[in-house]
Amino acid sequence: MPVHIEQLGPGFAGSINGLDLRNPLSEQEIIAVHEGMDKYAVLVFKRQTITDAEQLQFSQQLGTIEHAIGTSLREPKDLRLPSTFADVSNLDKDGKPFESDDRRRLFAIGNRLWHSDSSFKVVPAKYSILHAISVPSKGGNTEFAHMPNAYDELENDIKLEINNYICQHSQMFSRQLVGFTDFTEEERTRFAPVRQCLVRQHPKTCRKSLYLSSHAGLIDGLSVPEARLLLRDLMDHATQKKFVYVHKWSEGDLVIWVNRQTMHRARPFPHDEPRDMRRTTIVGDGPTVEQVAT
Ligand code: OGA
Ligand code: MN
């Protein structure tokens, strides 16, 4: 069956059919996925009955896997999944939901702020591939905002002002926004800020987009209050309803998004219900600004 993509929501998301993710894809099929990602930015594979190994195999065909090491507050001995997966669930090693005041949970729910994955790394994420193993009885949607559309609708003088801005991103900046500030010395070192362009241009479509994320907390050359106010204005602009697609999860859904072109956020759900979400991540093409990797 040929690959077929049907548009969803406001036009930058699509439901993709015609691929069997349980088996290796052909070269043509891999090209079709990349082309679909360039065109849509978010692609949904509905109700996939695939194993973790099959998700990983599919992901590896799209690029190099980013390993989830040192990016959460789970200790290596607490990990439920291998480092080829980012554990986006609310579950501990034994598959039990974290207590509501568990520090690991309070850090992890920072993903309810709009963000782009791994914008706090020198080489940020290209694609994220999220598979829903179990979903709560209510809530827990994921929302996506399209950054090329948001950029296009900025006023010209703002575009001129921000075109060459460089931001600093850290998971500490996003957590500060929700009042989570009790980081240990080790965590402060591990979460040291990295620099990212505020405006990026897509190498194939050549469209410019806002590269925003709640991890951004400073802008080189601006005072802290000016930077924070500008980032807040841009965030308000970029997350207007007209730029947003809401994904309501069914068990088995697998969603891929381009982090360069979108922001996303999780929505709340009952904390004592399991929400088992497993993410594979493809590394980006390189740093967005020249800097020494730490
Ligand atoms: C992620 C993420 C949101 C969600 O997987 O990177 O932010 O709804 N997920 O779980
Ligand atoms: Mn995320």
Side-chain angles (χ1 to χ4, degrees), residues 9 13 37 41-45 48 52 55-56 59 62 65-74 79-81 83-91 97-98 104-121 124-147 169-171 173-175 177-178 180 191 196 211-216 235 238-239 244-271 273-284:
M37 295 305 284
V42 178
L43 289 179
V44 178
F45 295 80
Q48 300 295 307
D52 285 357
Q55 179 180 347
L56 185 59
S59 306
L62 300 177
I65 298 293
E66 178 190 282
H67 282 252
I69 296 174
T71 50
S72 77
L73 298 193
R74 290 177 197 248
L79 294 175
R80 194 176 65 106
L81 303 174
S83 69
T84 41
F85 284 80
D87 193 344
V88 189
S89 77
N90 61 337
L91 304 174
F98 288 128
R104 293 166 296 182
R105 169 178 182 272
L106 297 177
F107 180 84
I109 61 174
N111 73 4
R112 295 184 191 173
L113 295 165
W114 287 105
H115 66 281
S116 178
D117 286 336
S118 299
S119 73
F120 50 81
K121 290 190 175 180
K126 180 176 182 180
Y127 299 151
S128 293
I129 302 157
L130 188 59
H131 187 216
I133 307 291
S134 65
V135 299
S137 60
K138 58 183 175 193
N141 295 340
T142 308
E143 299 182 342
F144 297 90
H146 192 255
M147 296 299 102
H169 294 232
S170 162
Q171 294 205 86
F173 293 140
S174 45
R175 272 56 187 188
L177 294 173
V178 287
F180 185 114
F191 298 142
Q196 306 289 2
Y211 188 45
L212 271 182
S213 188
S214 293
H215 305 309
M235 193 59 98
T239 57
V244 172
Y245 163 68
V246 178
H247 187 70
K248 296 181 177 28
W249 293 92
S250 300
E251 257 162 45
D253 286 358
L254 180 127
V255 177
I256 314 190
W257 63 88
V258 191
N259 286 290
R260 178 164 66 191
Q261 305 289 92
T262 55
M263 281 196 292
H264 60 282
R265 66 171 179 177
R267 301 300 287 151
F269 61 95
H271 74 87
E273 292 186 23
R275 181 174 185 264
D276 189 351
M277 312 288 285
R278 303 178 184 196
R279 192 185 88 207
T280 39
T281 313
I282 306 299
V283 296

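Read the numbers this way: they start at 1 and go in the same order the structure lists the ligands and their atoms.
The Mn ion (ligand 2) has His115 NE2, Asp117 OD1, His264 NE2 as its protein N, O or S neighbours under 2.8 Å.
Classified by interplanar angle (parallel below 30°, tilted 30° to 60°, perpendicular above 60°), the ring pair Phe107/Phe180 is perpendicular. Under the 30°/60° scheme for interplanar angles, the aromatic rings of Tyr245 and His247 are found to be tilted.
Taking every heavy atom of both residues into account, Arg74 and Leu91 meet most closely at NH1-O, 2.9 Å.
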**OP:** Please step through side-chain hydrogen bond (donor to acceptor under 3.5 Å, both in side chains) for the pair Asp117 and His264, ending with a clear verdict.
**Re:** CA-CA 9 Å; Asp117 286 336; His264 60 282; 3.1 Å; yes
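Sorted by first and then second residue, the salt bridge (Lys or Arg N to Asp or Glu O under 4.0 Å) pairs with a member in residues 130-140 form an empty list; sequence neighbours excluded.
Of the listed residues (Ser116, Ser119, Ser118, Ser214), just one forms a side-chain hydrogen bond (donor to acceptor under 3.5 Å, both in side chains) with His169, and that residue is Ser119.
Taking the side-chain hydrogen bond (donor to acceptor under 3.5 Å, both in side chains) definition, one finds that Asn111 meets it with nothing, sequence neighbours left out.
Distance alone, capped at 3.5 Å, is enough to place a donor-acceptor pair between the Gln55 side chain and the Arg278 backbone.
Ordered by chain and residue number, the residues placing a heavy atom less than 4.0 Å from ligand 1 are Val88, Asn111, His115, Asp117, Leu130, Thr142, Trp257, His264, Ala266, Arg275, Arg279.
Cation-pi geometry between Arg104 and Phe98 is not met: the NZ or CZ atom fails to fall both under 6.0 Å from the ring centre and inside 45° of the normal.
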